[in-house]
Structure formats: structure tokens, C-alpha cells
Amino acid sequence: MKTVKVLLVEDEAIVAMQTKSELQKMGHAVVGIFASGEDALAGIAGANPELILMDIKLQGEMDGIETAERLSQDYDIPLIFLTAHSEESTIDRARTVSSYGYLLKPVEAQDLHIAIQMAIYRHEQDRRVKQVEESLRESNNFLKTIMNSIDALIYIADIQTHELLFVNKYGLSVWGNDIVGQPCWKALQSLDGPCSFCTNDRLLTSDGRPTGIYRWEFQNLVNRRWYDISDLAIHWTDGRMVRLEIAADITDHKQLETERANSEAQYHQIQKAKSLSRMAEAITHNFNNMLAAVMGNLDLAMNSLPRGSEAVVYLTDAMKATRQAADVSSLMLTYLGQAPGKHEAIDLSDVCRRSLPKLRDSLPNEVILEADLPDIGPTIKANAEQIEQALTKLSINASEALSEGRGTVRLSVRTVPAADISYKHRFPIDWQPQEHFYACMEVADTGCGIAGKNIDELFDPFFSTKYTGRGMGLSVVLGVVRAHNGAVTVKSREKHGSVFRIFFPVSSKAAPRLPDSAAQTQEIEGGGTVLLIEDEQSVRHVAKAMLICLGFDVIEAKDGMEAVELFRKHKDSIRCVLTDLSMPHMDGWETLAALRRLAPGIPVVLSSGYDQGQVMAGDHAEQPQAFLGKPYELSGLKDALARALAKKDAN
């Protein structure tokens with residue numbers, strides 16, 4: 001990037017210093033800072049700038065626009081206005097003085113960078129136009145030599161007939177060697193008549209005198225490239241009036257502006273996703289703590305009532321609803337990409353094939369389910385239950401999009417190269433392929449399609465265009481995708497159906513047979529004392545009652561510091577520790593380390609409302625014997641204690 005010598009005319013010292021700092025970061029040199037137009041006029045000769053940044057409101061009697069007019073009389077220096085004024089009248093005045101642009105305060109560094117580059121570029125183009133005009137007056141042959149040496153389209157056309165009289169070498173190389181003599185609208189735009197956007201009427205006054213240079217931007221209809229165009233009416237060698245046009249290719253600059261706009265939109269999407277994730281994580285943790293108290297009390301109440309009691313029926317319904325609430329909390333964790341479960345090599349086609357009977361049962365009878373699955377592969381490293389969960393959510397979502405519940409849902413699996421994964425409507429928004437090949441699981445429907453304005457919100461928790469209270473299905477799909485380092489793309493058009501494609505990295509390992517049986521619940525021998533560490537009083541009380549129900553004595557601590565002191569006093573009688581993760585003063589990991597320093601072999605169960613994978617991630621000097629996710633029932637607590645004590649006995 002070329003270093004530009006910049007003169008800054010700004011009456012606010014803080015703004016001037018900030019602007020100077022940004023310019024220096026870009027590699028430019030600030031050769032002078034003035035607070036008034038009078039000072040700028042007096043000091044410009046010594047500063048010798050290549051570009052002027054001018055505030056409109058200045059100290060002294062002259063404003064920035066008047067100062068710019070005075071400077072333009074003696075200096076040919078590109079000038080950009082920096083102003084907090086957005087009134088149309090002010091902007092119009094500024095335009096009459098400088099064609100190199102104006103920026104509204106506060107100015108973003110990227111916008112300032114682009115404006116400077118474009119101003120220097122356009123000034124250079126203006127200089128070239130003036131060189132061309134001067135050369136025309138001196139010699140027509142010399143003019144042709146100059147124009148043929150410029151890396152931009154230059155042509156001369158009769159203003160009345162539109163006939164091309166001259167085209168430089170650059171133009172001939174792009175549009176063909178036979179275009180001289182043709183009408184410009186036919187040769188350059190492939191039209192059948194004069195262009196509706198022709199600038200001829202802007203180049204001459206009503207009495208036929210040239211108006212000066214007219215600048216505009218246009219995308220050529222033939223090659224679809226963008227050009228910065230300068231048009232000028234001049235007298236040809238035979239005396240007739242012609243149009244001289246210089247069109248510089250600015251497609252790269254346009255693409256830069258488009259990429260910047262896309263980057264800003266992507267940044268806002270990423271920030272929104274991070275904000276939603278933080279909110280979902282906090283809500284889930286607090287929700288799980290409350291559910292732990294509710295579920296524990298319900299469990300204890302049912303165990304304390306005689307079998308067949310009418311109250312047990314009511315409590316059973318309440319427990320069922322509580323488990324459903326816990327499932328919602330689990331779905332929120334899945335949305336965050338914290339889906340628990342072991343990842344191993346699996347055959348994606350085999351998982352989908354095994355899911356077909358269950359999928360057909362979950363869809364209305366009028367919906368046709370089609371499948372196109374390879375006999376073997378592709379193999380991915382994943383959790384089969386989570387893949388089936390995502391597939392079910394996508395299939396139900398597809399069936400709900402069908403008109404009157406009638407239509408087709410089609411499932412297919414294949415392997416695709418990373419280059420074939422579309423970047424458009426791809427989620428997570430910041431995902432980039434890291435492997436050469438990906439397994440693609442596609443669910444397509446013949447339904448109503450999705451409005452373009454809704455696609456970016458499809459995977460937000462509880463967003464739905466269907467029924468109130470729905471909306472976690474696609475959030476779960478995105479969570480499964482996150483947990484597997486994959487991506488999901490959406491292609492849809494209203495009234496033409498939708499296609500959802502999930503991409504998983506292909507694994508080189510062979511897929512083992514799926515397990516046929518579940519692990520057996522471990523038994524536990526009651527007795528002894530458990531140190532219970534929990535900062536939430538309601539959760540602590542119900543956990544204590546559950547431990548007593550299992551046959552243990554309980555010592556309670558409301559935080560890690562109190563737990564360490566109690567452990568010092570009762571170390572010989574404490575058989576096991578049940579500790580929460582998130583606590584004030586000392587968290588679960590710090591408490592675990594402190595207790596192990598006092599008793600290296602003490603069994604510990606670590607409990608949390610967060611996902612196990614997230615909790616256990618990281619490098620911790622001490623590890624618990626078991627993890628217990630909140631909310632938990634009496635059976636879950638019993639199993640965690642059994643695993644922790646079994647590991648101690650094994651050692």
C-alpha cells in the first residue's frame with residue numbers, strides 16, 4: 001500500500017489526534033494539523049501534502065467548504081470532507097467543491113482506508129483525463145499514443161451518431177478489433193439501440209458548450225465488470241463535437257466493498273450467536289439447579305408414601321412433567337454443542353437405515369418417506385443417538401412444512417468434497433471446512449419453503465413460524481452439528497420446498513457394530529458419612545434427604561472453604577464427597593484439589609448443571625471418580641455413589 005502524505009484540517013483536538021493515530025496505523029504520514037481554514041491556507045505550501053482531510057465546521061471565519069474552494073484555486077490535491085453534518089444542503093455544497101467524497105463522523109477505520117485509496121486512485125484518473133485533454137489540443141497522433149498506453153478503456157464517439165471514431169488498444173483487446181465504426185451502444189453493450197443511460201445530454205449545455213467532466217460508475221452489460229467512467233465533450237480534429245470516455249476497471253474495488261459488507265453482516269451474526277449461547281448456558285445452569293430440588297423432593301415423597309397411594313399417582317405425573325422440563329434443559333445444552341455421549345466410528349448410512357422404521361412412525365400417514373442410502377459408508381466419528389436425534393428433528397420439520405400434511409420427505413447420504421459445501425446460508429456462521437471430504441446427510445421436502453428473511457433465524461432457540469411453543473427442533477440440529485465439528489446448509493424457495501444438508505468430517509477408521517445391550521446399574525452398600533458441598537440451600541436440603549434415604553450420614557457445607565474445615569475435623573469418618581461445581585470462593589475443582597491434599601484417596605462425585613464434556617474438559621490435577629449431572633433422581637445419585645465407591649475399592 002502506498003504511503004500518502006496527509007494534511008488534516010480539524011478543529012477538535014481529540015478527533016484530530018484519533019484520526020492521526022488511525023492514519024499512522026495505516027502507514028500514512030500526517031504532515032500537518034490545522035484547526036482553521038486560514039491556518040491551512042498559510043501552512044499548506046510548507047506541508048506539501050498529497051491528500052487533505054477537511055472538517056466542514058472549523059475555527060475562524062471560513063468553514064471547510066470555503067477553505068477547500070480557496071485551496072482548489074492554487075493546488076491540485078484530492079480532498080475528502082470529514083463532517084458530523086448530514087443535511088442535504090451541506091452535502092450538496094461539499095460535492096460542488098470535492099468529487100473525492102465525504103465521510104460522516106464518527107468514521108470507521110475501514111471506511112477511512114477505502115476512501116483514501118479511492119481518492120488517490122480517482123485523483124490519478126483525473127490527472128490522466130487532464131493529460132489526455134491537453135494532449136488532444138497538441139497533437140492527435142500524440143493523443144493516440146498516450147491513450148493506447150493507458151490500462152483502461154478509452155474511446156471517442158460522435159455525439160450525434162454515436163459512431164466510434166477511436167478505441168485504444170485496451171478497449172480493442174476486450175471488445176474486439178472490429179468495433180471502430182460501429183455505434184457505441186452496439187459495440188460495447190450489445191444493444192439494438194442507444195443506451196437509456198447515455199450521458200451525451202449531460203456533456204453539453206443547451207447552447208452546445210461542453211459542461212466539463214462527468215463521472216459515474218457502471219456495470220458493463222457484456223462482461224459484467226464495473227467501471228469508473230469519466231466522460232468529456234471535446235472538439236474532434238474535423239471540428240465536430242465528440243465524447244471522450246475513459247473507463248477504468250474497478251471490479252476489484254467493488255468486490256472489496258462487497259466483501260467488507262458481507263464481513264460486517266457475518267460479524268453481527270457471530271456476535272448474536274455468542275450472545276444466545278451465553279444466555280442459554282446461564283439459563284440452563286440455573287434451571288437445572290431448580291429442577292434438582294423439585295425432582296429430588298418428588299422422588300423422596302414418592303418413596304415415603306405407601307405403594308398404591310392416590311398421592312403417588314399425582315406425584316408420578318408431576319415427576320413425568322419434571323423429566324420433560326429436564327429434557328428441555330438437555331436440548332438447550334445440545335444447542336450449545338454440549339451434547340453428552342461418546343463419539344466413535346459409525347456408518348452414517350447404517351444409522352440412517354436403522355432409523356427409518358422409527359421415522360416412518362413419527363410422520364403422518366399421508367407423508368411419503370423416501371431414502372437413498374449407500375450399502376456401506378461413509379464412516380464418521382460421532383454419537384449414533386445424537387445423529388438419529390438430528391435426523392428425526394429434520395424429518396419432522398420437513399413433514400410440518402408439507403401442505404395439508406401431504407407430500408414427500410427424502411433422505412439421502414453421500415460423500416462430498418469440501419469445495420462443494422456452499423457458503424451461502426451455512427451454519428454455524430463462522431464454520432470453515434478443515435478436511436478434504438465430508439459425509440453429507442440430506443433431508444429434502446416438497447413443502448411450502450422458507451422465506452429468505454427467516455433463514456438466518458431458523459436455528460435460534462424457540463424461533464418458529466409454525467406453532468406457538470415450538471422451535472427447539474432445529475436448534476438441536478445445530479447443536480449436534482456443533483458437537484461433531486460439522487456444518488448445516490439450507491437451500492429453500494417459497495412454494496418450492498427446502499433442502500437441509502448436514503456435513504460431518506469423514507473418518508478413516510472402520511465402523512464397529514453398534515452395541516446391543518445397555519450397561520447394568522451398579523449396586524451400592526449404604527453406611528458411612530458423605531460430605532455434601534452445595535451452595536444452593538434448596539438443592540442441598542433435598543440432596544441431604546436423598547443421601548439419608550440411601551443409608552448415609554451427611555455433613556453439610558455451603559461452600560468449598562467450609563468443606564475443607566469440616567473435612568479436617570471429620571476426615572476419618574467421611575466415606576465419600578458429593579460436591580457442586582459452581583460455588584463462590586472455591587469452585588468444585590479447587591475444593592477437590594484441597595480435599596485430596598488432606599486425603600489423597602477420598603472418593604469424589606462432581607455434580608453440575610452444565611454438560612459433562614464441558615465440565616471435564618481442561619487439564620485438572622485431580623479428577624473425580626464420578627460425574628452427576630443435574631437434575632438427578634434418587635437412582636442417578638445412587639449410581640454415581642456406587643461408581644465412585646467401586647473405583648475406590650478397586651484401588
Looking only at non-hydrogen atoms, find the nearest pair between [X] and [Y] and report the distance.
{"X": "I33", "Y": "A16", "answer": "CG2-CB, 4.0 Å"}
{"X": "I179", "Y": "A187", "answer": "CB-CB, 3.6 Å"}
{"X": "L58", "Y": "D63", "answer": "CD1-C, 4.1 Å"}
{"X": "R243", "Y": "C198", "answer": "NH1-SG, 4.2 Å"}
{"X": "P584", "Y": "D559", "answer": "O-CB, 4.0 Å"}
{"X": "I450", "Y": "S492", "answer": "N-OG, 2.8 Å"}

side-chain contact (heavy atoms from CB on, under 4.5 Å) test vs I44 passes for just one of I77, V9, V31, namely I77
Assess whether a salt bridge exists between K105 and D55, defined as any Lys/Arg side-chain N lying under 4.0 Å from an Asp/Glu carboxylate O.
yes
N-O pairing of R122 and E217 below 4.0 Å:
yes
Is it true that, when you exclude [X] itself, more than 12 heavy atoms of the residues, nucleotides or ligands shown sit nearer than 6.0 Å to its [atom1]?
{"X": "R70", "atom1": "CZ", "answer": "no"}
{"X": "K5", "atom1": "NZ", "answer": "yes"}
{"X": "Y423", "atom1": "OH", "answer": "no"}
{"X": "K254", "atom1": "NZ", "answer": "yes"}
{"X": "R202", "atom1": "CZ", "answer": "yes"}
{"X": "M241", "atom1": "CE", "answer": "yes"}

Between [Y] and [X], is there a side-chain heavy-atom distance shorter than 4.5 Å?
{"X": "F34", "Y": "L7", "result": "yes"}
{"X": "R240", "Y": "L165", "result": "yes"}
{"X": "V481", "Y": "P428", "result": "yes"}
{"X": "Y75", "Y": "N48", "result": "no"}
{"X": "R501", "Y": "T489", "result": "yes"}
{"X": "I234", "Y": "P210", "result": "no"}
{"X": "L112", "Y": "L23", "result": "yes"}
{"X": "F500", "Y": "I502", "result": "no"}

Give the intermediate values and the outcome of side-chain contact (heavy atoms from CB on, under 4.5 Å) for residues T199 and I229.
CA-CA 11 Å; T199 61; I229 301 173; over 6 Å; no
Rounded to the nearest 0.5 Å, what separation is found between the [atom1] atom of [X] and the [atom2] atom of [Y]?
{"X": "W226", "Y": "N220", "atom1": "CH2", "atom2": "CG", "result": "11.0 Å"}
{"X": "Y227", "Y": "T251", "atom1": "OH", "atom2": "OG1", "result": "6.5 Å"}
{"X": "D151", "Y": "Y170", "atom1": "CG", "atom2": "OH", "result": "6.0 Å"}
{"X": "Q117", "Y": "L256", "atom1": "CD", "atom2": "CG", "result": "9.5 Å"}
{"X": "L79", "Y": "L51", "atom1": "CG", "atom2": "CG", "result": "7.5 Å"}
{"X": "L71", "Y": "E66", "atom1": "CG", "atom2": "CD", "result": "11.0 Å"}

Side-chain donor or acceptor of [X] paired with backbone N/O of [Y] under 3.5 Å:
{"X": "Q434", "Y": "Q432", "result": "yes"}
{"X": "H162", "Y": "P183", "result": "no"}
{"X": "D231", "Y": "N200", "result": "no"}
{"X": "E10", "Y": "E12", "result": "yes"}
{"X": "W175", "Y": "L188", "result": "yes"}
{"X": "E435", "Y": "A418", "result": "no"}
{"X": "Q24", "Y": "S21", "result": "no"}
{"X": "T3", "Y": "G27", "result": "yes"}

Run the side-chain contact (heavy atoms from CB on, under 4.5 Å) check on V4 and H28 step by step: do they pass?
CA-CA 5 Å; V4 180; H28 301 311; 3.6 Å; yes
Checking L203 against Y214 for the side-chain contact (heavy atoms from CB on, under 4.5 Å) test, could you report, in this order, the C-alpha distance in whole Å, the side-chain angles of both residues, the deciding distance, and whether it holds?
CA-CA 7 Å; L203 302 181; Y214 178 76; 3.8 Å; yes
As a test of understanding, state which of W431, F503, Y438, F504 forms a ring-ring contact (aromatic ring centres under 6.0 Å, His included) with H484.
F504
Verdict with reasoning, R215 to D126, per salt bridge (charged side-chain N to carboxylate O under 4.0 Å, His left out):
CA-CA 10 Å; R215 166 169 275 149; D126 284 348; 2.8 Å; yes
Do D228 and Y121 have side-chain atoms, one donor and one acceptor, less than 3.5 Å apart?
no
Could you go through K491 and H425, starting from their C-alpha distance and side-chain angles, then the distance that decides it, and tell me whether this counts as side-chain contact (heavy atoms from CB on, under 4.5 Å)?
CA-CA 7 Å; K491 183 178 181 181; H425 298 315; over 6 Å; no
